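A short write-up of the structure that comes next.
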Amino acid sequence: MWRGIDMDDQELYEIRLRKLDELRQRGIDPFGHRFEPTAHAGDILARAGDQTKEELEAMDWRVRIAGRMMIRRGHGKASFAVLQDVSGQIQIYAKVDVLGQDSYEVFQLLDLGDIIGVEGPVFRTNRGEITVLVERLTVLTKSLRPLPEKWHGLKDVEVRYRQRYLDLMVNPEIRETFIARSKIIQAIRRYLDDRGYLEVETPTLHTVASGGHARPFVTHHNALDMELHLRIALELHLKRLIVGGLERVYEIGRVYRNEGISTRHNPEFTMLELYEAYADFHDIMDLTEGMIRHAAEAVCGKLQIPYGEWTIDLERPFARRHMADLVQEATGIDFRAVESAEEAHALARQHGVAVKPGMGYGHVLNEFFEQKVEATLIQPTFVYGHPVEISPLARKNAEDPRFTDRFELFIVAREHGNAFTELNDPIDQRARFEQQALEKAGGNDEAMEVDEDFLTAIEYGMPPTGGLGVGVDRLVMLLTNQPSIRDVLLFPLMRERAED
RNA sequence: GAGCCAUUAGCUCAGUCGGUAGAGCACCUGACUUUUAAUCAGGGUGUCCCCGGUUCGAGUCCGGGAUGGCUCACCA
């Protein structure tokens, strides 16, 4: 088990234990009780910001604050310290002739990292710093381990991920990212709630993990002696609710995919899926565009946002391009005129596009798209018209049944959404599942499973429906300008530390 | 899964040609009643990631391993 910093060398730990004993001997509980702050550091700084030293003095404004002691500057019979709470940091000033000899000695026993409560008037020092004078000191929690360094903070990414609380404690900008994450999800909820969507929760334990292309995690229910899969998508349960007549539903929930880890992949991640009866994928494009703008405004306050080396313009209408057109622009090949898989494979050889033997027309087109086009899609682009072979849950296009009424949204060359006019023909759906089963038998681990229960549901009749899936973590990465998914997950999955 | 890189004090880092480990902060002792990366005097607190090998001698060179990062593969 990972036991964090400072276990091999116990000296700093033992020094703090001695101070803990000293507190107890003085009748002070080092792990204190309820405390009721009257203000946060940020509020005090905001309110006192305009007041002069004299005005503050005249106000006789008393506050009670609680927080972690991050910095201390002792001056003998007086001390400055910095207290940090959720809103930020504020300086406090303790001196013996205000606090009394006993309490001042207790103050001097404190370590960086201890959590204390402080009560007294707000004043401004000669150097202009808003400060709380400590008239009463309450020890709330003794900290037994040393804090990372005050000036350089905590940089070791491994410790930052494994011990995120330390990261949050000493790297204040990290907190901003997670506040932004919360705001983004809040904005999505508000956007959908305002449009008559119902938020629902569906099972994460599935007998068949379907609705997406991914290997599942497998687990077991003892009482029922039943193999279960953690869900890889929300799709099929939400569509059952459309069958049931709920008309507009969404879920924001965790899905699990038993796959590799990268800067864009974590085995568990948060997915938004929504379904709207009587809509099609054009409606869903409009909805997606509006929703992302709404979230961006909520968290960035503007629609031209930085991401890495780029500035992404979310204000201009998102481009809407057919996959075959994009491939034609990039390579000169008109895939609509390609007649057979053999012809497609020949073109792949000519153009240096890697394909696997046995791939059909649609798979090859998709490889052309992924290898020749995807990396160029920096500004928001809806790519639509995916081949039917790679889209087993999407409705076929009425004019050209090789394609589907499906789109993916690309921004910064990454997929930020996947949507389609849902396939609601149960006979076609069964055929598509069977095609997937063939692919699976042929060695494609990620091909979709047949879900009989879902087929039964849509045999009762699912209205024409538009649906969307969005990887929330990637959207948060985009809107917070973070290069790695681990920087938008509080606790990314890490390999277990070996016992030493 | 493959390649490249990293791992030295609690934290952030330096460490030359292979000669027995060092700075700042933190910490400890002392001084200091408006400081603010407080200051001043003194103190180094270490499994140099682990295991082997080469060598008179390894933080340093070689091999293997662990963990992490990046890239690729995988993955819609």
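Worth saying up front: this structure is predicted, and the values here are computed from it rather than measured. Here is the naming used below: chain letters follow the sequence lines, and residue numbers restart at 1 for every chain.
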Just the rounded figure in Å: distance from [atom2] of [N] to [atom1] of [X].
{"X": "A:R495", "N": "B:A66", "atom1": "CZ", "atom2": "C1'", "value": "9 Å"}
{"X": "A:M70", "N": "B:C25", "atom1": "CE", "atom2": "P", "value": "18 Å"}
{"X": "A:L110", "N": "B:C27", "atom1": "CG", "atom2": "P", "value": "12 Å"}

Rounded at 0.5 Å granularity, tell me how far CZ in A:F80 sits from CD in A:E129.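 Nearest 0.5 Å value for the CZ-CD distance: 9.0 Å.
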To the nearest 0.5 Å, what is the distance between CZ (A:R257) and CZ (A:F269)?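 It comes to 4.0 Å.
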Base, sugar-phosphate alone, or nothing: which one does [X] contact when heavy atoms must sit under 4.0 Å apart?
{"X": "A:I390", "answer": "base"}
{"X": "A:N366", "answer": "nothing"}
{"X": "A:E129", "answer": "base"}

Sticking with atom [atom1], work out how far [N] lies from [M], rounded to a whole angstrom.
{"N": "B:C72", "M": "B:A14", "atom1": "C1'", "value": "33 Å"}
{"N": "B:C49", "M": "B:A31", "atom1": "P", "value": "40 Å"}
{"N": "B:G10", "M": "B:C5", "atom1": "C1'", "value": "26 Å"}

Salt bridge check: are A:D114 and A:K19 linked by an N-O gap of less than 4.0 Å?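 A salt bridge is absent here (no side-chain N lies under 4.0 Å from a carboxylate O).
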Taking the nucleotide of RNA chain B with the nearest heavy atom to each, does A:N126 or A:K19 sit closer to the 5' end?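 Its nucleotide being nearer the 5' end, the pick is A:K19.
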Along RNA chain B (nearest heavy atom to each residue), the more 5'-positioned of A:R124 and A:I15: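 This one resolves to A:I15.
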For the residue pair A:H386 / A:E408, report whether a side-chain donor-acceptor contact shorter than 3.5 Å exists.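 Their side chains do contain a donor-acceptor pair, which is all the 3.5 Å distance test asks for.
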